[in-house]
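Have a look at the structure below before the remarks.
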Amino acid sequence: MQALSKYRFWLLDVNYEVRDEDRKPELWMWGIDEEGKRVLLIDRSFTTYFYLILNSEEDPKAVLERAQQQKAELPFIVDLELTQLRLFGEPVCTIKVFCQDPELVPKYSGILSKIKGVQKCLEDDVRYSMRYLIDNDVTPCSWYEVDVEELVEHGKAQTDKLYIAKSMPRRLEREEIPPLRVLSFFPIYYASKGAPKPERDPVVIISTVTNKGEKRLLTANNYDDKELIQSFSEQIREFDPEIIVGYETNKQHWQYLTDRARKLSLDFPVDRARTLPHLSVYGHISITGRINLDVADLAEELPEVKVKTLENIADFLGVRSLDEQIVIDEIDFASFWDDAEKRQQLIRFSSEKAECILGIFEKMFNYAAELSKIVGLPLDQIGKAAVGFRIEWYLIREAHKTGELVPERVERPYVPYAGGIVLKPKPGIHENVAVLDFKSMYPNIMIDKNISPDTYVSPSEAQPPSDVNITPEVGHMFRKEPPGFYKRVLSSLITARDEIRRKMKRLDTESMEYRLLDARQKAVKVITNAAYGYAGWIGARWFRKPVAEATTAWGRDAVMRGIEAAGNLGLDIIYGDTDSIFIKHDPEKVETLSKMILENLGLEIKPEKVYTRIFFTEAKKRYCGLLPDGTLDTVGLEVVRGDWANVAKNTQEHVLELVLRERSPRRAVDSVHSIIADLRKQQVPYRDLIIWKTLTKPVSEYEVNAPHVEAAWMLEKEGWALTVGDKVGYVITQGKGRLYERVKPYTMTSYEEVDTEYYVTNQVLPAALRILSTFGVKEKDILTSEPTEKPRTLADFFGGK
DNA sequence: GCTTTGATCTTACCC
DNA sequence: ACGGGTAAGATCAAAGCG
């Protein structure tokens, strides 16, 4: 018998296997130890389970008896246990069914749910590895201590150390992230036509960069990529990275490279356990023992980046500015490879991309790791998991800690409900406007009013409890006590964030610890703010329409009361949206107002910012303000929209600057005029004429002819594969008819064909007039007069007085 | 047979 | 595959026009 020893490690990822011979599961934990050694810990002690929910009128013991009789025919059920738990706050009797083989859970739950007295099964859809993590309060990206026994013989896994876990992992209070090996790569395929196809087109370049500063370049032997692919997997085995990072690797590259290797009859051993990259939950590609991270997924967290190309992401994060980047369009890869000189450019391009990917990773990793730690999903899943699922996993963990059952996912019809209130703005220019924001409005309302599925009092209830909060407008009732599920969760999130921020105040803003905590408080904030949206999502396990409906109703009530109070104080209300009120600034009265609202509504509200000057059109949700530091804050207008040509966005930005900074609509008209002149002379860069739009469904499913859809058809015809979520860049060319008859993908035409008049009348003019029409400027004022070109009088011309 | 109008589809934004 | 509220353009078919 070997002596047990204690072992400390940082958890990277988990997976599980079921041994064929005895159908016993093993939980594999991949980690790094204190010495930076890679470790695989195997836990063979954990048995998964699910619950049978009993009908309340049944005698639990009788049902248990029936279940035990069934058990005789279900050999992998190891135990049955009567347990009291709660479902939506209500006590329920359950039978906890322990099942040795995780893969039999769906089958067994189906059989056992038919037993008389069993209402349904719950938690039978929690996977073995998640069950392990949740039940032992283990989250990825954290430090643990565990009792271990060395395992000598295994042979399947590539790892420095191999142990059998002999205890549950115990969480350690350690914050630092161990030194990880990160490898970034960027492949280039040679496609004779359209999108590359692995059965036809070779990989001609793979550039790799590691966070140890190692750069490598793998190139094909002209069009033979056999050695290249082999060298790539060899390099991965040799460097043995914990994290492999790329761009669109989930959507494209791993599948492509795997298929290509298969086509060439090559092994492709890039993981640590002799499996191939494989499709896993939420559509991410799993590489056993490593973390496969796709920066394209991480970039979904950056709404500021409208078109999420690698170049734009790198530019936005300050990794590498756009004008310092080589840009080669995918359409040109083949011709660049064919040409000896251009081939070098393509190689430089690919290695630059690999570096950008590593740079993006380094900017975003802390945040991703913190999110993974809070939510409990492994790093490679967290990026791919939709917001609703992230929240849900967080809630599932919280439920488990407090004896709440996880409700099943049910299909529900979509029934809309009312949301936030938006006031009509006062159009024109205003000076000194304060924006008062309710702090975390929806979470705080949910806490204050104890809004939750488990505190909801249905109108059908015979004797409604007396101590309830009654919702304005909609009348829903929620018990004041005890604290509901959402209240408990949200309070602890808000407390946790305040705590983190308190710690941050004592730290140097440049320190590693500060940045770690900053990433953490951001992750906590994201989860907190998404809870309301989750509560109103019909797909949510903890969905109750009145919960969402009541939250927004109280929100509208708060804003309306705030406005009323402001009016009583003589404050001028300019605008408001959901949780904000824009008022003419009067520091004293605003202070009074904040205090009144805090006292009367129990909600915090304070001036987040004061615009020195702000401009509104007649439209809601669109304005532009000048901040004291001289910057412009543009909201909703074309400038910030991704579906307008740059030429229009730039024009509007100039107009706003001249109107707000210089207070000169006249000079704004002049500037529009000169841009139009440039446009007509074809002096505006071609790239500034591209209009980008997202495909929100498969190309064939569109009901009407739309320009971007037509452009998508043309791309598909050329062999390009387009999927939902792809952005199509197109330009409008000269000719007759509807726009969709004159549209071309920007890669499939040239400047000569472009219809510049379309850009004048349908892009630049509307964007400019959106602002200038408020000042009485008409279309003809911009199109007819030419003040910058012609002096208006002879005196002007001769420089007379 | 043409233009005008309004409903509908579509996208991207705000909070 | 987290919510509702909103602006706006392009298309398409019906209405208007005599």
Side-chain angles (χ1 to χ4, degrees), chain A residues 282-283 300 303-304 306-307 384-395 409 411-412 414-425 435 437-442 446 526-543 545 547-553 555-556 559 575-582 608 617-623 633-645 648-649 691-697 701-710 724-725 727-728 732 737-743 758 761-763 765-767 769-770:
Chain A
Y282 311 118
E300 292 301 313
E304 299 92 336
K306 307 290 173 192
V307 182
K384 264 278 170 186
V387 179
F389 294 113
R390 294 183 192 169
I391 307 286
E392 196 152 270
W393 280 116
Y394 179 78
L395 293 176
R409 202 180 289 293
E411 260 193 64
R412 304 182 177 90
Y414 170 71
V415 184
Y417 66 89
I421 186 173
V422 190
L423 305 184
K424 269 194 188 157
V435 183
D437 278 325
F438 283 95
K439 190 185 154 200
S440 299
M441 185 197 238
Y442 286 163
M446 291 169 90
V526 164
I527 299 289
T528 312
N529 289 342
Y532 152 72
Y534 171 84
W537 173 40
I538 53 170
R541 292 172 190 264
W542 277 278
F543 172 82
K545 191 182 155 204
V547 165
E549 200 169 31
T551 306
T552 58
R556 292 192 298 275
V559 170
Y575 177 63
D577 185 349
T578 309
D579 63 351
S580 67
I581 304 173
F582 292 49
E608 276 305 308
T617 67
E618 308 246 312
K620 298 169 174 180
K621 297 189 184 276
R622 318 187 112 211
Y623 56 87
D633 205 1
T634 309
V635 179
L637 293 163
E638 281 73 5
V639 171
V640 295
R641 290 186 63 100
D643 58 347
W644 284 74
K649 302 187 1 163
I691 298 164
W692 293 92
K693 277 205 168 90
T694 310
L695 286 176
T696 57
K697 46 185 150 185
E701 283 176 24
Y702 280 88
E703 293 177 33
V704 293
N705 296 302
H708 72 296
V709 179
E710 191 55 31
V724 173
K727 282 220 159 54
V728 182
I732 301 297
R738 303 280 197 196
L739 289 187
Y740 69 86
E741 296 169 293
R742 300 193 279 134
V743 69
Y758 164 81
T761 45
N762 293 46
Q763 291 279 323
L765 263 180
L769 284 173
R770 189 93 56 226

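For the numbers below, each heavy atom of this structure counts, side chains included, while hydrogens, waters and symmetry mates do not.
- A/Arg622 has its side chain within reach of A/Leu637: a pair of non-hydrogen atoms, C-beta onward, lies under 4.5 Å apart.
- Going from atom CG of A/Leu637 over to atom C1' of C/dA7 covers 10 Å, rounded to whole Å.
- Here the side chain of A/Tyr442 pairs no donor or acceptor atom with the backbone of A/Ala548 at under 3.5 angstrom.
- Among the heavy atoms of the strands lying under 4.0 Å from A/Ala418 are primed sugar atoms or P, OP1, OP2 only; no base atom is included.
- Straight-line distance from the CD atom of A/Glu710 to the P atom of C/dT11: 10 Å, rounded to whole Å.
- A/Tyr758 comes within contact range of the sugar-phosphate backbone alone, with a heavy-atom separation under 4.0 Å but no base atom that close.
- At the heavy-atom level, A/Lys697 lies under 4.0 Å from the strands shown only through sugar-phosphate atoms.
- Under the ring pair (Phe, Tyr, Trp, His ring centres under 6.0 Å) criterion, A/Tyr282 pairs with A/Phe389, sequence neighbours left out.
- Note on A/Tyr414: every side-chain N or O is 4.0 Å or more away from OP1 and OP2 of C/dC2.
- Near-neighbour residues of DNA chain C inside residues 533-542 of chain A, defined by a heavy atom below 4.0 Å, number-ordered: A/Gly533, A/Tyr534, A/Gly536, A/Trp537.
- Legend: residues meeting side chain to side chain contact (heavy atoms under 4.5 Å, CB included) with A/Arg742, ordered by chain and number and at least two apart, are A/Ile732, A/Thr733, A/Leu739, A/Asp755.
- For the pair A/Tyr740/A/Val704, no side-chain contact is recorded, criterion being any heavy-atom separation below 4.5 Å from C-beta on.
- Along DNA chain B, the stretch of nucleotides lying under 4.0 Å from any heavy atom of chain A spans, 5' to 3', B/dC9 to B/dC15.
- Distances shown here put a side-chain N or O of A/Arg622 below 4.0 Å from the OP1 or OP2 atom of C/dA8.
- Contact of the A/Leu695 side chain with the A/Tyr702 side chain is registered, since non-hydrogen atoms from C-beta on lie closer than 4.5 Å.
- The shortest distance between the side-chain N/O atoms of A/Arg770 and the OP1/OP2 oxygens of C/dA8 is below 4.0 Å.
- With distances taken from any side-chain atom of A/Asn705 to the nucleotides C/dC12, C/dG5, C/dA7, the minimum falls on C/dC12.
- Nucleic acid contact class of A/Ala530 (heavy atoms, under 4.0 Å, all strands): base.
- Using a 4.0 Å heavy-atom cutoff across all strands shown, A/Thr552 reaches no nucleic acid atom at all.
- Side-chain contact between A/Leu395 and A/Tyr534 is present, with at least one heavy-atom pair separated by less than 4.5 Å.
- In this structure, A/Val640 reaches the sugar-phosphate backbone alone: every heavy-atom distance under 4.0 Å involves primed, P, OP1 or OP2 atoms, never a base.
- Applying the side chain to side chain contact (heavy atoms under 4.5 Å, CB included) rule to A/Arg412 yields the partners A/Val410, A/Ile538, A/Phe543; only residues at least two apart in sequence or on another chain are considered.
- If you measure from atom CG of A/Asn762 to atom P of C/dA8, you get 15 Å, rounded to the nearest angstrom.
- Rounded to whole angstrom, the span from the CD atom of A/Glu300 across to the C1' atom of C/dA1 amounts to 13 Å.
- At the phosphate of C/dT6, OP1 or OP2 sits under 4.0 Å from a side-chain N or O atom of A/Lys620.
- Using a 4.0 Å heavy-atom distance criterion, A/Arg390 is classed as making no nucleic acid contact.
- Separating the CD1 atom of A/Ile391 from the P atom of C/dG3 is a distance of 12 Å, rounded to the nearest angstrom.
- Both A/Val422 and A/Phe389 lie close to DNA chain C; mapped to their nearest nucleotides by heavy-atom distance, the more 5′-ward contact belongs to A/Phe389.
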Working for side-chain contact (heavy atoms from CB on, under 4.5 Å), residues A/Glu710 and A/Arg738: CA-CA 11 Å; A/Glu710 191 55 31; A/Arg738 303 280 197 196; over 6 Å; no
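- Out of C/dA7, C/dA1, C/dG3, the shortest distance to the side chain of A/Arg641 is found at C/dA7.
- Shown here are the side chain to side chain contact (heavy atoms under 4.5 Å, CB included) partners of A/Lys620, two or more places apart in sequence or in another chain: A/Val422, A/Lys424, A/Pro425, A/Tyr575.
- In this structure, CG of A/Leu739 is placed 14 Å from C1' of C/dA8, rounded to the nearest angstrom.
- Spacing between atom CD of A/Glu411 and atom P of C/dA1 amounts to 15 Å, rounded to whole angstrom units.
- Among the atoms of the strands shown, none is found under 4.0 Å from any heavy atom of A/Tyr282.
- Between A/Lys306 and A/Asp643 there is no side-chain heavy-atom pair separated by less than 4.5 Å.
- Across the protein-nucleic acid pair, A/Lys384 atom NZ and C/dA1 atom C1' stand 12 Å apart, rounded to whole Å.
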